[in-house]
S.K.: 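First the structure, then my questions, so here it is.
Chain letters run A, B, ... following the sequence lines, proteins first, then strands; residues in each count from 1. Just the heavy atoms: all of them, side chains too, but no hydrogens, waters or symmetry mates, feed the values below.
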Protein chains: 2
Amino acid sequence: MNIRELARRSGVSTATVSRALNDRAEVSEATRAKIRRLASELGYAPNEPARTLVRRRSDTIGLVWDSGQEALGQHNPFLLGLLSAVRTALSDADYHLMLLTTPSAEDQDGAHLQAVQRHNLEGVIVLTTPPDDRCLRVLADSTVPCAGIDTAFTGPRTVRVSSDNAAGAEAAVQHLYELGHRRIATVTGPLHLPPAAERLAGYLRACTRLGLSVPPEYVTEGDFFLASGEAAGKRLLAIPDRPTAIFAAGDQMAIGAIHAAADAGLAVPRDLAVVGFDDIDAAALVRPALSTVAQDQRGLGVAAVEALRGLIDATAVDTVQAQPRIIPTRLLIRGSSRPGV
Amino acid sequence: MNIRELARRSGVSTATVSRALNDRAEVSEATRAKIRRLASELGYAPNEPARTLVRRRSDTIGLVWDSGQEALGQHNPFLLGLLSAVRTALSDADYHLMLLTTPSAEDQDGAHLQAVQRHNLEGVIVLTTPPDDRCLRVLADSTVPCAGIDTAFTGPRTVRVSSDNAAGAEAAVQHLYELGHRRIATVTGPLHLPPAAERLAGYLRACTRLGLSVPPEYVTEGDFFLASGEAAGKRLLAIPDRPTAIFAAGDQMAIGAIHAAADAGLAVPRDLAVVGFDDIDAAALVRPALSTVAQDQRGLGVAAVEALRGLIDATAVDTVQAQPRIIPTRLLIRGSSRPGV
DNA sequence: CCGATTGCCGTAAACGTTTCCGATCGGCGG
DNA sequence: CCGCCGATCGGAAACGTTTACGGCAATCGG
């Protein structure tokens with residue numbers, strides 16, 4: 001069932017059918033209705049490859065995540081939510097979605113760029129990928145519109161959307177302060193990653209604003225994984241003037257810190273309050289449940305497609321570097337910080 | 001840069017270029033090499049829409065997951081791993097991947113089927129979706145090749161791949177038996193879901209094989225979520241002749257059972273051993289770490305694309321109902337069952 | 001030496017759309 | 001009545017590939 005067949009049965013030309021189904025004006029309401037009815041009766045669906053061939057646009061955008069190595073478990077937990085959010089946001093905007101795969105081979109740089117031009121993709125959304133991906137560099141350096149969620153790369157037509165890491169961290173510290181804590185330590189992520197650095201900055205800003213002293217040993221670095229949080233907790237709790245609260249830049253590390261407290265015979269939150277970041281699934285499952293700074297996955301998703309559409313529709317003229325979109329976070333207060341919950 | 005341009009620069013016809021790049025035999029090695037070199041120099045990439053238009057196949061398969069409502073948290077945790085596995089398996093088989101979206105509107109049944117014929121998709125992989133999805137029913141009833149991972153629906157060209165739920169449950173019970181437990185209870189998932197039913201069957205089979213008595217109150221139903229596991233645990237521990245071990249058909253419920261034990265003043269695993277199912281991320285983060293039956297996500301992924309390719313390549317003749325593919329599981333022994341870990 | 005075969009390549013027709021360019025027709029003002 | 005205009009439609013040319021078909025050498029067997 002193609003457009004010619006449908007045209008024949010409707011007694012009109014293919015041009016008219018096309019116009020009718022695409023809501024063009026130069027068609028009478030009567031014939032439009034007749035064609036519509038016949039189309040749905042016959043189960044006609046236009047052939048997208050043919051459409052993109054002639055229109056030279058595919059209404060499809062590409063999605064890349066996870067860049068080869070699956071490691072970097074920091075993101076993994078909410079990647080799925082992000083993916084889901086992006087998917088629905090895109091389909092609401094009448095875009096199709098194609099998943100791109102980063103090749104394992106070395107010589108395959110430009111694979112993403114190739115995929116984009118092969119399929120006439122109109123843009124690409126990148127999820128939480130480390131910035132040192134060569135395949136991605138090629139893409140970002142090209143003129144392909146790119147929106148990166150929670151990732152850091154720049155390029156001619158690139159926009160970054162991320163959570164307000166600094167403000168989130170600040171809110172966490174503020175929360176601990178209001179609970180009465182004055183000795184608040186932090187365990188950070190790898191500081192070369194922008195989110196980790198921003199969360200540390202927020203922590204520091206809050207401390208100075210609240211007049212809290214931050215001895216250098218109160219700031220210790222982790223790698224976003226469980227074990228590093230446990231080790232960091234052990235270090236922090238061994239300090240003579242030990243902190244009464246810990247803000248961890250990631251939930252896994254926060255849970256690790258709680259383990260360290262348990263090993264030291266300390267009760268959470270009575271002897272030590274802990275706040276994490278991300279709100280991974282496990283945060284609600286551990287005991288005590290983890291207070292954490294939740295990212296707005298849906299918000300990130302819709303902001304990304306919105307920003308991407310901006311880049312796509314932009315005329316070549318106004319290629320001022322697109323402003324990054326910052327999405328607010330939400331503090332989730334649970335048992336690991338507030339007593340009696 | 002299209003094939004005509006490349007042909008012009010190579011001094012041959014477009015037919016020859018096409019043959020050269022598609023590894024057809026009727027081209028001399030010399031010209032093939034020249035064309036290859038020129039193509040990569042000029043950054044030529046064939047236009048896929050045009051190819052699919054004329055070849056009438058797209059080398060693309062569709063992926064649908066999560067069927068509208070995001071609920072059913074049972075799967076959520078390892079859905080991401082599954083997705084990743086499917087993606088790499090497909091790209092290894094030189095397929096492209098398109099994400100399908102289930103529409104929110106009611107009248108949009110057949111949306112998936114429409115998408116398939118619009119884009120010339122050659123098959124669809126369905127991830128962990130409840131069988132009562134109308135949009136999916138339409139798809140399964142059609143002649144579109146479908147592979148469903150961990151889901152139950154049948155249709156003319158449909159194949160099911162799932163973990164060996166029964167054997168996994170059996171192994172879990174066996175493990176508890178070997179640790180000396182004789183009073184082993186279970187908390188199941190919603191029994192209308194095939195995985196839940198199969199896990200219960202495995203539990204029962206193991207018990208009869210090992211000569212364990214199963215009082216009816218030892219079998220209690222949950223909904224795969226945390227709270228239901230906690231409630232189930234509370235019920236089980238209130239039994240006069242209370243079980244010393246619990247096999248839960250899902251990790252969240254297992255963790256809930258552990259919470260119930262803690263509330264009852266029981267130590268895990270000393271007073272109560274717990275084994276879960278799925279190996280979600282949180283399983284390794286809780287304390288004690290959760291023993292669980294891990295699903296082989298990668299195995300499920302490759303089996304699904306393999307099965308799907310089988311369906312695609314099958315001539316219309318041999319449409320004997322495809323055999324379901326059963327993927328073995330792996331028992332992960334951690335602190336919640338074995339003391340001293 | 002001749003007909004048939006083989007290897008290599010070009011011409012052109014598809015594939016299913018969209019859209020430019022006209023054509024037709026009725027109505028309208030002058 | 002004439003010319004013009006707007007509304008509605010059809011014809012046909014694209015879009016970038018693949019592939020059936022045919023052609024032209026060179027080779028080969030006899």
Side-chain angles (χ1 to χ4, degrees), chain A residues 1-40 42-60 94 96 114-122, chain B residues 1-40 42-60 94 96 114-122:
Chain A
M1 174 48 63
N2 57 17
I3 202 179
R4 213 145 27 214
E5 179 72 7
L6 179 56
R8 200 179 55 74
R9 302 221 199 187
S10 312
V12 296
S13 74
T14 65
T16 303
V17 172
S18 174
R19 284 189 277 248
L21 296 181
N22 289 358
D23 280 316
R24 294 244 174 287
E26 321 96 314
V27 131
S28 78
E29 257 331 299
T31 60
R32 182 192 308 274
K34 184 172 64 175
I35 292 173
R36 276 270 163 72
R37 188 170 47 74
L38 233 53
S40 83
L42 300 177
Y44 167 77
N47 184 292
E48 287 293 340
R51 296 189 77 218
T52 66
L53 180 56
V54 59
R55 298 193 321 154
R56 244 150 335 168
R57 50 173 304 189
S58 59
D59 294 331
T60 302
D94 280 321
H96 305 127
Q114 278 240 350
V116 166
Q117 57 189 72
R118 281 168 72 110
H119 296 278
N120 278 74
L121 302 184
E122 305 184 19
Chain B
M1 171 50 61
N2 56 16
I3 202 179
R4 213 146 27 216
E5 179 73 5
L6 179 56
R8 201 179 55 74
R9 301 221 200 188
S10 314
V12 297
S13 75
T14 65
T16 303
V17 172
S18 174
R19 284 189 277 248
L21 296 181
N22 288 359
D23 280 317
R24 294 244 172 289
E26 324 95 312
V27 150
S28 78
E29 255 336 297
T31 59
R32 183 191 307 274
K34 184 172 62 175
I35 291 173
R36 277 268 164 72
R37 188 170 47 74
L38 232 52
S40 83
L42 301 176
Y44 167 76
N47 183 292
E48 288 293 340
R51 296 188 77 219
T52 66
L53 181 56
V54 59
R55 297 193 319 153
R56 251 161 315 182
R57 51 172 303 188
S58 60
D59 294 330
T60 302
D94 280 321
H96 304 128
Q114 279 240 350
V116 166
Q117 57 189 71
R118 282 166 71 108
H119 295 280
N120 279 79
L121 302 185
E122 305 184 18

S.K.: Counting only distance, no hydrogens or angles, is the base of C:dG16 paired donor-acceptor with the side chain of B:Arg118 under 3.5 Å?
M.R.: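 Answer no: no donor N or O sits under 3.5 Å from an acceptor.
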
S.K.: How many Å lie between CG on A:Asp59 and P on C:dT17, as a whole number?
M.R.: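 Distance check: A:Asp59 CG to C:dT17 P gives 15 Å.
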
S.K.: When rounded to the nearest 0.5 angstrom, what distance separates NE2 in B:His96 from OG1 in B:Thr52?
M.R.: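 Nearest 0.5 Å value for the NE2-OG1 distance: 10.5 Å.
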
S.K.: Can you list, in residue-number order, the parts of residues 23-32 of chain A that come under 4.0 Å of DNA chain D, counting heavy atoms only?
M.R.: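 Within this stretch, A:Glu26, A:Val27, A:Ser28, A:Thr31 sit under 4.0 Å of the strand.
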
S.K.: Do any side-chain nitrogens or oxygens of A:Tyr44 fall under 4.0 Å of OP1 or OP2 in C:dG16?
M.R.: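 Result: no.
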
S.K.: Nearest whole Å is fine: how far is D:dA14 P from B:Asn47 CG?
M.R.: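 After rounding, the reported distance stands at 18 Å.
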
S.K.: Does B:Ser13 have a side-chain nitrogen or oxygen under 4.0 Å from the phosphate oxygens OP1 or OP2 of C:dC9?
M.R.: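 For C:dC9, OP1/OP2 do not have a side-chain N/O of B:Ser13 under 4.0 Å.
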
S.K.: If an axis is fit to five pairs at each end of the helix from C:dC1-D:dG30 to C:dG30-D:dC1, what is the angle between the two, to the nearest 10°?
M.R.: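 Axis-to-axis angle, ends of the helix: 40°.
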
S.K.: Grab the CE-P distance between B:Met1 and D:dG16 for me, whole Å please.
M.R.: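 Atom CE in B:Met1 sits about 12 Å away from atom P in D:dG16.
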
S.K.: Hey, are the side chains of A:Leu53 and B:Asn47 touching, using non-hydrogen atoms and a 4.5 Å cut-off?
M.R.: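 Side-chain contact under 4.5 Å: yes.
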
S.K.: Can you identify which nucleotide, out of D:dA14, C:dG10, C:dC15, has its nearest atom closest to the B:Arg56 side chain?
M.R.: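 Minimum distance to the B:Arg56 side chain belongs to C:dC15.
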
S.K.: Atom CG of B:Asn22 and atom P of D:dT19: how far apart are they, to the nearest Å?
M.R.: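 Atom CG in B:Asn22 sits about 7 Å away from atom P in D:dT19.
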
S.K.: Under 4.0 Å from any atom of DNA chain C, heavy atoms only: list the residues of residues 3-10 of chain A that qualify, in numerical order.
M.R.: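 Going residue by residue through residues 3-10 of chain A, the ones with a heavy atom under 4.0 Å of DNA chain C turn out to be A:Ile3, A:Arg4.
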
S.K.: For A:Ile3 versus A:Thr14, what's the shortest heavy-atom pair and its separation?
M.R.: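 A:Ile3 and A:Thr14 have their closest heavy atoms at CD1-O, 3.7 Å.
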
S.K.: Could you check if a side-chain atom of B:His119 sits within less than 4.5 angstrom of a side-chain atom of B:Thr60, using non-hydrogen atoms only?
M.R.: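 B:His119 vs B:Thr60: side chains apart.
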
S.K.: A:His119 NE2 to D:dT17 C1': how many Å, rounded?
M.R.: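 Value for this atom pair: 14 Å.
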
S.K.: Measure across B:Asp59 and B:Glu122 and return the closest heavy-atom pair with its distance rounded to 0.1 Å.
M.R.: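 Smallest interatomic distance, heavy atoms only, reads N-OE2, 2.6 Å.
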
S.K.: Applying side chain to side chain contact (heavy atoms under 4.5 Å, CB included), name anything that partners B:Glu26, two or more places apart in sequence or on another chain.
M.R.: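 Residues passing side chain to side chain contact (heavy atoms under 4.5 Å, CB included) with B:Glu26: B:Arg19, B:Arg24.
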
S.K.: Could you check B:Gly11 against B:Leu53 and say which one's nearest nucleotide on DNA chain C is further toward the 5' end?
M.R.: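 It is B:Gly11 whose nearest nucleotide is closer to the 5' end.
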
S.K.: Residues two or more places apart in sequence or in another chain: which of them pass salt bridge (charged side-chain N to carboxylate O under 4.0 Å, His left out) with B:Asp23?
M.R.: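 By the salt bridge (charged side-chain N to carboxylate O under 4.0 Å, His left out) rule, B:Asp23 matches B:Arg32, B:Arg36.
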
S.K.: For A:Ala7 and A:Ser13, which heavy atoms make the closest approach, and how far apart are they?
M.R.: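 Where A:Ala7 meets A:Ser13 most closely, the heavy atoms are CB-C, 3.7 Å.
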
S.K.: For A:Gln117 versus B:Gly43, what's the shortest heavy-atom pair and its separation?
M.R.: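 Of all heavy-atom pairs spanning A:Gln117 and B:Gly43, the closest is NE2-O, 3.2 Å.
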
S.K.: Could you tell me whether a side-chain N or O of B:Ser58 sits under 3.5 Å from a main-chain N or O of B:Asn120, the two making a donor and an acceptor?
M.R.: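 Checking the backbone N and O of B:Asn120 against the side chain of B:Ser58, a donor-acceptor pair under 3.5 Å is found.
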
S.K.: Report yes if a donor N or O on one partner sits less than 3.5 Å from an acceptor N or O on the other, where the partners are the side chain of B:Arg19 and the base of C:dG10; otherwise report no.
M.R.: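 Flag set: donor-acceptor pair detected.
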
S.K.: B:Arg51 CZ to D:dT19 C1': how many Å, rounded?
M.R.: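 Distance check: B:Arg51 CZ to D:dT19 C1' gives 13 Å.
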
S.K.: What heavy-atom pair brings A:Arg51 and A:Pro46 nearest, and what distance separates the two atoms?
M.R.: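 For A:Arg51 and A:Pro46, the tightest heavy-atom pair comes out as CD-CB, 4.1 Å.
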
S.K.: In whole Å, I'd like the distance from the CD atom of A:Glu48 to the P atom of D:dT17.
M.R.: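 The distance from CD of A:Glu48 to P of D:dT17 comes to 19 Å, rounded to the nearest Å.
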
S.K.: Minimum heavy-atom separation for B:Gln114 and A:Tyr44, please, with both atom names.
M.R.: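 Shortest heavy-atom separation between B:Gln114 and A:Tyr44 comes out as NE2-O, 4.2 Å.
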
S.K.: Please tabulate the protein-to-nucleotide N/O contacts below 3.5 Å involving nucleotides 25-28 of chain D, giving atom names and distances.
M.R.:
none

